[in-house]
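Have a look at the structure below before the remarks.
The figures here come from the full heavy-atom set of this structure, side chains too, leaving out hydrogens, waters and symmetry mates. Just so you know, ligand 1 is whichever comes first in the structure, and atom 1 is the first atom listed for that ligand.
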Amino acid sequence: MFSANTYEQRRNELCRKIGKGLILLPGNQNAPNNYPNNAYYFRQDSTFRYYFGLNVPGITGLLDAETGEAALYGDDFTVEDIIWTGPQPTLREMGAEVGVARTFPVGALRERIRKAIALGRRVHYLPPYRGETKLQLADLLGIRTGALHDHKSVDLMLAVAEMREIKSAEEIEALERAFPIGYAMHTTAMRMCRPGVVEREIAGAIEGISKSMGAGVSFPSIVSQHGETLHNLRSDGVLEQGRLLLCDAGGESLEGYCSDHTRTYPVGGRFSERQRAVYEIVLKAHDDVAEAVKPGMMYQRDIHLLSYRILAEGLIGLGLLRGTAEAAVEAGAMTLFMPHGLGHGLGMDVHDCEAFGERSFDFSYIAERAAASGTCIYRSAWKVRPGTVLSDEPGIYFIPALIDKCRAEGLYKGIVNYDALDAWRDFGGIRIEDDLIVTDTGCRMIGGGKHIPITVDELEAVVGK
Ligand code: GLY
Ligand code: MN
Ligand code: MN
């Protein structure tokens, strides 16, 4: 947790940006797994934690954008609760730690919200992503759950994203503290990568590390010899000598900041000629992006397309694409080899602010405002600035179903060499990922000068050892 002053300043800035009405920020509740007292591991809502610092379930924050008044609503633990949980601080005590003097029982929130609505005041809220929060908002606001998205506050979405996206010095330190967790996870996976090991054994070992060193994983670990499947969570394969293993994994620091890295390497530790050739292309795209990124660049136009051009040049060299890299990118042919974005925002969420961003709903009707705001919640119009943190994760994937579909539809004719691709159908996929912080003049990798083994030589020295 940061100082009370940090949270006070953030809340005041948000109130200034919104200007009118109330701002309702629900924290997450415990979500039952298979029966009410057996909940999933608790994960706080990142926006609530950003403004109120508290990492406990069942608390809601409320700000009056006109007066700047902040309040917390939550119920203190009863003796019956404490028998199971042990002694807990009161809401008043927790509020004091984060600079909030006004604390109330949960039951008082409904009346406060209903009174404000009766007075014609707007209640700003973010689009909810959890069932419990949808039910809570529907009850508080008198809006049916299916209509909550229609009344969400676009002003609040953009204001929160603008603030959360630009990391302060203390947040960058927190992100740096998440790096050693990722480092330990990935180097452990590399050492375990030997024939006969089950992918699950590696996933379990590295997820254990994320819990022992921090707050657990920042997303479910992807450990698979089927790297061509972008988010392959099966992990039931038995490692075979010479096949590529893709490991995409990260941890969260205790204060809730994420790491997100990917490495791909051959089981047993020796790259074949073909594997090395594709690996070097992906690594060049990764490195060139990290060289190029600087403030003011547009993510889509300047960064994502740069990675596509470098990958396309490499694929032309392998005889898999024909013509120029520019023409291949222009025709959309690179979406066959890398059907995902080059990166995403990173911070308190591994895909930062995507709880109300890019993948959550259709942006078309706020596209103009999102473009003016330029935040990572709308990547098509995202402009990176000093303090922006983004992943740099190019890849080349050979996805038989996608190759067949594009070929059958006659796409990229004369550009993609489909006949040559026949020999690559069982190659798998390679992705390489690190996390960049945009500085005043360029960017730098998170890691305090240290990096997870990444070159062919570095990997061959550690994999399977
Ligand atoms: N870990 C998922 C991603 O890299 O986007
Ligand atoms: Mn990522
Ligand atoms: Mn990742």
Side-chain angles (χ1 to χ4, degrees), residues 43 46 129 165 167 175 178-179 181-190 199 202-203 206-207 209-210 214-224 226-235 244-253 256-265 282-283 285-287 289-290 293 299-300 303-304 307-308 311 335 338-355 357-360 376-379 382 384 388-397 399 428-438 443 445-447 451-454:
R43 175 55 158 86
S46 298
Y129 56 92
E165 184 180 325
K167 271 64 182 180
L175 281 160
F179 175 81
I181 307 173
Y183 183 93
M185 292 168 78
H186 279 276
T187 51
T188 298
M190 287 168 191
E199 293 161 353
I202 299 179
I206 66 177
E207 294 201 351
I209 289 172
S210 75
V217 293
S218 49
F219 58 94
S221 306
I222 299 159
V223 180
S224 176
H226 280 287
E228 77 280 8
T229 303
L230 301 184
H231 282 179
N232 193 332
L233 298 175
R234 290 177 61 120
S235 285
L244 287 171
L245 181 72
L246 184 149
C247 178
D248 182 352
E252 287 190 6
S253 68
Y257 284 80
C258 300
S259 71
D260 182 12
H261 298 272
T262 308
R263 291 293 185 268
T264 312
Y265 35 82
V282 179
L283 185 58
H286 165 280
D287 291 350
V289 164
V293 167
Y299 163 77
Q300 177 81 20
I303 304 175
H304 175 74
S307 73
Y308 264 6
L311 296 171
T335 59
M338 186 176 103
H340 64 70
L342 182 268
H344 50 80
L346 186 90
M348 298 182 80
D349 293 314
V350 69
H351 280 225
D352 217 24
C353 298
E354 283 186 21
E358 190 78 23
R359 295 193 192 179
S360 304
C376 65
I377 64 173
Y378 184 53
R379 279 188 245 169
W382 180 18
V384 306
T388 298
V389 178
L390 73 158
S391 67
D392 170 13
E393 50 179 309
I396 291 180
Y397 312 88
I399 307 168
I430 290 179
R431 177 163 67 250
I432 306 174
E433 176 176 24
D434 285 308
D435 306 328
L436 300 175
I437 296 178
V438 181
C443 74
M445 294 274 183
I446 291 178
H451 69 270
I452 297 169
I454 192 165

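Looking only at its N/O/S atoms, Asp248 has OD1 as the one nearest to the Mn ion (ligand 3). Here the N, O or S atom of Glu393 that is nearest to the Mn ion (ligand 2) is OE2.
No donor-acceptor pair closer than 3.5 Å links the side chain of Arg431 to the backbone N or O of Gly227. The backbone N or O of Gly251 sits less than 3.5 Å from a side-chain atom of Ser259, completing a donor-acceptor pair. Looking only at distances, a side-chain donor or acceptor of Asn232 sits under 3.5 Å from a matching main-chain atom of Arg234. Side-chain atoms of Arg263 come within 3.5 Å of backbone N or O of Ile452 as a donor-acceptor pair.
Glu252 and Ser218 share no side-chain donor-acceptor pair at under 3.5 Å. At a cut-off of 3.5 Å, with distance as the only test, no side-chain donor of Ser391 or Asp260 sits close to an acceptor on the other residue.
When each atom of ligand 1 is checked for a heavy atom of Glu393 under 4.0 Å away, the hits are 3 (C), 4 (O), 5 (O). Applying the 4.0 Å criterion to heavy atoms of His351 picks out, from ligand 1, the atoms 2 (C), 3 (C), 5 (O). Close contacts between ligand 1 and Phe219 involve ligand atoms 1 (N) [criterion: under 4.0 Å to a heavy atom]. The ligand atoms of ligand 1 that sit less than 4.0 angstrom from a heavy atom of His344 are 3 (C), 4 (O), 5 (O). The Glu433 neighbourhood of ligand 1 comprises atoms 4 (O), with distances under 4.0 Å to a heavy atom of that residue.
Within the 4.0 Å heavy-atom cutoff, Val350 does not count among the residues contacting ligand 1. For the pair His231 and ligand 1, a heavy-atom separation below 4.0 Å is found.
Residue contacts with ligand 1 for Asp260 involve side-chain atoms from C-beta outward but no N, CA, C or O (heavy atoms, distance under 4.0 Å).
Geometry about the Mn ion (ligand 3) gives an angle of 90° between OE1 of Glu433 and OD1 of Asp260, rounded in steps of 10 degrees.
No close placement of the His261 and Tyr183 rings is indicated, their centers lying 6.0 Å or farther apart. Checked against the 6.0 Å centroid criterion, the rings of His231 and Phe219 do not qualify as a close aromatic pair.
At least one N, O or S atom of His344, from either the backbone or the side chain, sits less than 2.8 Å from the Mn ion (ligand 2).
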